[in-house]
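This report refers to the structure that appears directly beneath it.
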Amino acid sequence: MKVRSRFAPSPTGSLHIGNVRSGLFAWLFARHHGGVFILRIDDTDRERSSKESLEEQLDDLRWLGMDWDEGPPDPAYFQTNRVERHRAAALTLLREGKAYPCYCSAEELDAKRKQAEREHRRPVYDRKCRNLDFPSDLALPDKAAGRNYTIRFKAPLDGETVLEDLVKGRMVFQNADLDDWIIIRSDGSPIYNFASVLDDADLRITHIVRGDDHVPNTPRQIQMFKALGFEPPAFAHLPQVLGPDGSPLSKRHGATSVVAYREGGYFPEAMLNYLARLGWSHGDQEIFSKDELIQFFDFADCGKSAGVFNPEKLLWLNFHYLKERPVAQLAREVTPFIEKRGWPIPGDDAWLEKMVATLHERAKTLDELAEFASFYLKDDITIDAKAAAKFLKPEIAAPLRTLAAEIDSIEGEFSAAAVQQVFERVLAKFNFKLGQLAQPVRVAITGGTVSPGIYEVIEVLGKHRTVERLNSAVKLTEQRA
RNA sequence: GGUCCCAUCGUCUAGUGGUUAGGACACCGGCCUCUCACGUCGGGAACGCGGGUUCGACUCCCGCUGGGAUCACCA
């Protein structure tokens with residue numbers, strides 16, 4: 001049987017790191033087995049669902065390369081479009097005696113629950129309405145029509161429900177511990193747990209891959225698959241992704257959405273690689289291409305315990321992918337991050353590539369790369385006060401002036417090698433060591449004490465801009481004198 | 001509280017009865033060096049506790065402790 005797995009996000013906000021990880025594993029599993037990956041939109045929470053969230057999440061998925069074989073924009077893959085199917089199935093269950101109407105009010109139920117908690121009893125539905133007689137042609141709830149009841153699933157009272165989980169192993173649940181849950185609300189709408197089972201069944205999902213927070217619901221769902229006449233699919237429940245403090249990853253842990261990293265200048269390769277290695281491993285290997293991930297992925301290699309999201313390792317992976325990226329590609333990719341800052345690019349593509357090359361092994365993200373390029377792009381650089389105080393002292397004015405003149409007189413190709421020759425002459429003339437001149441020059445032309453090699457910086461900056469900056473630095477030293 | 005799950009360096013993990021318990025991130029130090037990085041060499045750092053089983057337990061079993069998930073007319 002062909003593998004069919006799915007990812008079913010709710011478009012109620014940004015796509016969460018922990019969430020996509022489950023989706024990624026479902027995707028990897030499908031691709032590994034040459035199966036079908038399905039994207040279903042669980043948008044039944046109309047209050048919080050939005051078109052914007054949906055588009056953003058789809059963009060995230062496309063960015064990560066998690067392509068789907070079935071799903072949006074096909075309307076059949078939106079849960080809200082299936083409520084009639086859900087209701088019809090509930091009605092069938094009712095007719096078959098596998099479900100029944102419950103006339104208990106929400107308030108009544110709530111009171112009982114609280115009472116049970118006070119008395120340290122299990123806060124489950126007492127099945128008060130289970131054996132009530134009801135007309136064989138009873139219609140589904142409809143508040144407007146005065147049919148103000150809910151429909152409950154008539155769950156088995158004894159026996160056990162077994163979950164053979166692909167990552168967690170065998171779990172046995174006593175049916176006596178499970179209650180008769182509501183499948184249709186008093187307003188006639190289906191409950192997620194019910195809708196979800198029906199959707200998975202109709203979609204012929206063979207493997208449900210999701211977070212292990214769904215485990216407690218699974219025995220009920222297995223029972224529902226059977227009640228509906230379907231063979232339950234296989235399940236793979238993945239452990240949670242936690243924040244540094246050990247609590248489930250949430251907004252207060254900082255950036256936890258895919259879009260935050262996408263916009264933060266991270267590469268999809270890094271994100272994919274990081275997410276895959278969080279909870280899954282393949283020996284000692286750390287770096288995986290997408291194809292390797294697909295080739296090696298197996299639930300048997302997934303850990304059973306929750307993992308802490310480590311932004312620093314993600315950053316390291318991103319750096320790895322950045323280092324091995326061709327400069328031309330990087331130049332293209334960093335452009336939006338420069339434009340975002342409103343900075344000009346004072347040169348052609350070849351120049352931009354040269355610039356990027358000098359920053360290549362110093363920036364860890366595209367965003368950082370853009371930030372570090374500041375002094376190449378803007379002419380109104382700000383000289384760091386502390387750096388100026390330390391390196392732009394009056395006695396450096398003469399060497400700087402000489403250097404400026406020498407650089408200005410370079411004929412022919414303005415290359416790092418040519419610049420180096422000039423430096424050597426000036427160094428000899430003033431009997432300086434390279435460090436004594438390089439740091440002041442660095443401060444003069446970049447505004448700070450940290451930059452790529454001074455010769456290459458000057459080459460990229462060009463003769464004119466270098467000389468100008470050196471001269472204004474000379475003025476600065478004179479002002480300080 | 002009920003049900004269920006989990007437990008190797010700070011973090012991600014390898015390990016499936018016999019290993020100096022391995023790798024990676026982070027951290028610390030050396031080298032390289034015009035600064036910062038990169039690179040490179042090296043270092044510290046873990047099997048939660050207690051019982052079994054066994055010639056031998058990180059590995060198997062039980063208990064404890066600790067952590068977590070979930071108990072809605074939310075998804």
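Values below: every heavy atom of this structure, side chains too, minus hydrogens, waters and symmetry copies. Computed from a predicted model, the values in this text were never measured in an experiment. Just so it is clear: chains get the letters A, B, ... in the order the sequence lines come, proteins before strands, and each one is counted from 1.
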Quick tally for nucleotides 59-67 of chain B: nucleotides whose base has a protein heavy atom under 4.0 Å get B, sugar-phosphate-only ones S, the rest -, giving ---------
Report the distance from atom CZ of A/Phe391 to atom P of B/C34, rounded to the nearest whole Å.
14 Å
Cationic tip of A/Arg362 above A/Phe372 ring, under 6.0 Å, 45° of axis:
no
Closest non-hydrogen atom pair between A/Cys104 and A/Lys128, with its separation
SG-CD, 3.9 Å
Please determine whether a side-chain nitrogen of the Lys or Arg among A/Asp199 and A/Arg6 lies less than 4.0 Å from a carboxylate oxygen of the Asp or Glu.
no
I'd like to know if the side chain of A/Gln439 pairs up with that of A/Thr449 as donor and acceptor (distance under 3.5 Å, no hydrogens or angles considered).
no
Could you check how far NE2 of A/His360 sits from C1' of B/A37, rounded to whole Å?
13 Å
Checking all strands, does A/Ser196 fall into the base, sugar-phosphate, or nothing category for heavy-atom contacts under 4.0 angstrom?
nothing
Please give, in whole Å, the distance from B/U33 P to A/Tyr455 OH?
13 Å
Rounded to whole Å, the NZ-C1' distance (A/Lys386 to B/U35) equals 15 Å
Return the value, rounded to whole Å, for the distance between atom OH of A/Tyr321 and atom C1' of B/C25.
15 Å
Identify whether any heavy atom of A/Lys433 sits under 4.0 Å from a base atom; if not, whether one sits that close to sugar-phosphate; answer base, sugar-phosphate or nothing.
nothing
Do other residues, nucleotides or ligands put more than 12 heavy atoms under 6.0 Å from A/Lys323 NZ?
yes
If B/C49 has a Watson-Crick or G-U wobble mate with both distances under 3.5 Å, name it; if not, just say none.
B/G63
Heavy atoms under 4.0 Å, any strand shown: does A/Asn193 hit a base, just sugar-phosphate, or nothing?
base
Students often get this wrong, so: under 4.0 angstrom with heavy atoms, is A/Phe372 touching a base, only sugar-phosphate, or nothing?
nothing
Using heavy-atom distances to pick each residue's nearest nucleotide on RNA chain B, tell me which of A/Pro190 and A/Trp316 is more 5'.
A/Trp316
Could you tell me how far B/C6 sits from B/C64 if I compare only their C1' atoms? Round to whole Å.
15 Å
Presence of A/Arg113 side-chain N/O under 4.0 Å of B/C73 phosphate oxygens OP1/OP2
yes
Could you tell me whether a side-chain N or O of A/Arg21 sits under 3.5 Å from a main-chain N or O of A/Val241, the two making a donor and an acceptor?
no
Just how far, in rounded Å, is P of B/G23 from CD of A/Gln285?
16 Å
For A/Leu317, answer base if it contacts any base atom (sugar-phosphate contacts may also be present), sugar-phosphate if it contacts only those atoms, and nothing otherwise; contact means non-hydrogen atoms under 4.0 Å.
nothing
Should A/Tyr261 and A/Thr365 count as side-chain neighbours, where that means a heavy-atom distance under 4.5 Å?
no
Among B/C6, B/U35, B/A69, find the nucleotide with the atom closest to the side chain of A/Gln240.
B/A69
The nucleotide from B/C34, B/C73, B/A75 with an atom nearest the side chain of A/Thr150 is B/C73
Base, sugar-phosphate alone, or nothing: which one does A/Ser186 contact when heavy atoms must sit under 4.0 Å apart?
base
Counting any heavy atom closer than 4.0 Å, what does A/Pro248 reach on the DNA or RNA strands: base, sugar-phosphate only, or nothing?
sugar-phosphate
Gap between atoms CZ and C1', on A/Phe319 and B/G39 respectively (whole Å):
10 Å
Do the side-chain N or O atoms of A/Lys143 get closer than 4.0 angstrom to the phosphate oxygens (OP1, OP2) of B/C73?
no
Just checking A/Asn217: base, sugar-phosphate only, or nothing, at a heavy-atom cut-off of under 4.0 Å?
base
What about the rings of A/Tyr266 and A/Tyr321, do their centers lie closer together than 6.0 Å?
no
Got a salt bridge between A/Arg252 and A/Asp245, using NZ or NE/NH1/NH2 to carboxylate O under 4.0 Å?
yes
Distance alone, cut at 3.5 Å: any donor-acceptor contact between the side chains of A/Gln221 and A/Asp200?
no
With a 3.5 Å limit on both atom pairs, tell me what B/U33 is paired to, counting Watson-Crick and G-U wobble, or say none.
none
Between A/Arg401 and A/Thr477, is there a side-chain donor-acceptor contact under 3.5 Å, judged purely by atom types and distance?
no
Just compare B/A75, B/C36, B/C5 and give me whichever is closest to any side-chain atom of A/Val450.
B/C36
Given that both distances must come in under 3.5 Å, which nucleotide forms a Watson-Crick or G-U wobble pair with B/C55?
B/G18
Note: for A/Ala438 and A/Val172 on RNA chain B, the residue whose nearest nucleotide lies more 5' is A/Val172
CD of A/Gln221 versus C1' of B/U70: gap in Å, rounded?
13 Å
Taking the basic N atoms (NZ, or NE/NH1/NH2) and the acidic carboxylate oxygens, is any pair closer than 4.0 Å for A/Glu406 and A/Lys429?
no
Tell whether A/Ser451 reaches the base of B/C36 with its side chain through a donor-acceptor pair below 3.5 angstrom.
no
Could you run through nucleotides 9-16 of chain B and give me one letter per nucleotide, 5' to 3': B if any protein heavy atom sits under 4.0 Å from the base, S if only the sugar-phosphate is that close, - if neither?
--SBSS--
Residue matched to B/U70 through Watson-Crick or wobble contacts both under 3.5 angstrom
B/G2
